[in-house]
Structure formats: C-alpha cells, structure tokens
Amino acid sequence: DQVKGLDTSKVTVTSGPSAYTIFLLLNQGAAVSPATSNPQYVSAVKKAIDYTGLLGVAGMGAVQPAGVIPSLIAGTLPASDALKQDVAGAKSALAASGVAGQKPKLAYPSDLTLNGLSFQTLAEKLQSQLAAAGIAIDLAQAGGGPGVAREHGHLMPQRDELPRQEVDVFGDTTEYR
C-alpha cells in the first residue's frame, strides 16, 4: 500500500520472487490435541481455508505454493496441485472427524511481520475462515521479539514460553541455496 504513494521519479520499485513461505502447522500428537491429530479434522481445516483470500492479505505478487517449498525452487509441486477451498467438504470432514466440539489454540507471533505481513492479521483471517466452516479455534499470541527462536529455519515460540499448541502459524525464513 505504501509503495503506491512513492514518487517514482525519485525511487525505483522492483519486486521479485521470495523464498519466504508462511504455513499452518497442525500438531499431530494425540496427547497434545485429539482434534489436530485426527486426519478428518486436518482435512476439514485444509478445505476450510480460503487460499485466494489469504493471498489478497499477503499483497501483490503473493503466490500459493502447492507445498511448503517455495514455488521458485526447481522441482516443486506444480501450482495445479495447490489446495483449494471447499467449505462443504470441510463441513463434511469435520462431521466425520468426531471432534467437532474441540477448540484448538492457534499460536502465532503477534508482534512480528514478514515482508510487511502481520501474523496477527493472518491469524485473525484464518480464525474467521475456519469459523465459516464450523471450525472454532482460539488465538494464542506469542511475542515475536526475544520470545521467538530460530529452530530448523522457522520462527517458533520458545518452548518454555508456551505450552505445546495444537495449531501454529510460522514464517519460513530458510535461505534456500
């Protein structure tokens, strides 16, 4: 949004592909969450997300990779394999899961942005999209300052600051070489 207001006679604005990937992780540990470890529940979450809507929040040039590897890397899955929203399918999978009454917590770095994209905004958008399919989640803010550690190239809350969460939103900052 701010780029549009720049005086293009004084600055040159360029854009290009980025290796940054933001992804949603559902904890598969049954001891952590009977919901997120349930394959039908996981299917419901995947189908409930409005991926096009999330790209709109991410801004101009954002693309949805078909997997967790950025689309600019050779050998990634083709864009045609990317997940698509299916609210009716999400509701059906949620009913089949048997855990529709669960309300997992979504952990995210609340005071962190990645290329100007607020994780707070993303978490709220996801919560709204999931609710449209009958999936309820609670948001669990995790500070992004000193409370975030690099672990396997992902921004993650430090283990001693948060209980193990059922659902997490991470930004992948790994440099692919």
Side-chain angles (χ1 to χ4, degrees), residues 1 18 20-59 62 64-65 67-68 82-174:
D1 294 337
S18 169
Y20 290 120
T21 302
I22 296 175
F23 62 94
L24 183 67
L25 174 88
L26 280 75
N27 193 315
Q28 298 294 292
V32 175
S33 172
T36 63
S37 61
N38 180 300
Q40 289 295 327
Y41 183 88
V42 171
S43 177
V45 169
K46 288 178 180 180
K47 291 175 180 179
I49 296 171
D50 175 7
Y51 299 94
T52 304
L54 290 179
L55 291 176
V57 171
Q64 177 191 352
V68 294
L83 296 172
K84 293 171 182 48
Q85 185 181 36
D86 174 9
V87 176
K91 290 179 179 181
S92 176
L94 181 63
S97 74
V99 292
Q102 299 282 324
K103 196 171 184 182
K105 289 187 173 103
L106 170 69
Y108 63 96
S110 59
D111 59 351
L112 187 72
T113 61
L114 182 62
N115 285 350
L117 179 59
S118 163
F119 282 83
Q120 174 81 35
T121 302
L122 256 179
E124 291 170 355
K125 186 82 167 168
L126 281 168
Q127 184 181 44
S128 172
Q129 291 177 356
L130 295 174
I135 302 169
I137 59 170
D138 284 327
L139 300 182
Q141 297 179 354
V148 174
R150 279 186 69 95
E151 183 174 304
H152 306 295
H154 306 297
L155 296 173
M156 303 179 78
Q158 287 184 354
R159 296 187 194 287
D160 59 350
E161 290 199 2
L162 279 179
R164 294 195 58 130
Q165 299 299 317
E166 294 95 340
V167 186
D168 300 290
V169 176
F170 298 121
D172 186 345
T173 58
T174 303

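Within the 4.5 Å cutoff, no side-chain heavy atoms of V45 are placed close to those of T36. The shortest distance between side-chain heavy atoms of D138 and L106 does not fall below 4.5 Å. Counting heavy atoms from C-beta on, the side chains of L54 and L126 come closer than 4.5 Å. Side-chain atoms of K84 and D86, non-hydrogen and from C-beta on, never get closer than 4.5 Å to each other. Considering only heavy atoms from C-beta on, L24 comes within 4.5 Å of L26 through its side chain. Counting heavy atoms from C-beta on, the side chains of Q127 and L139 come closer than 4.5 Å. At least one side-chain heavy atom of Y41 sits under 4.5 Å from a side-chain heavy atom of L94.
Nearest heavy-atom pair, Y108 versus Q120, reported as atom, atom and distance to 0.1 Å: OH-OE1, 2.9 Å. Nearest heavy atom pair, residue A140 against residue K105, reads CB-CB, 4.3 Å. In terms of heavy-atom proximity, A35 sits nearest to P104 at CB-CG, 4.0 Å. Of all heavy-atom pairs spanning A132 and K91, the tightest one is O-CE, 3.5 Å. Pairing each heavy atom of L130 with each of A48, the nearest pair is CD2-CB, 3.7 Å. For the residue pair Q64 and A82, the shortest heavy atom distance occurs at NE2-CB, 3.6 Å.
Without hydrogens or angle criteria, S128 side chain to E124 main chain gives no donor-acceptor distance under 3.5 Å.
Taking OH of Y51 as the start and CD of Q129 as the end, the distance is 9.0 Å to the nearest 0.5 Å.
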Could you give me the CA-CA distance, side-chain angles and deciding distance for L83 and I49, then say whether side-chain contact (heavy atoms from CB on, under 4.5 Å) is met?
CA-CA 9 Å; L83 296 172; I49 296 171; over 6 Å; no
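Applying the salt bridge (Lys or Arg N to Asp or Glu O under 4.0 Å) test to residues at least two apart or on different chains, none of the pairs has a partner in residues 41-52.
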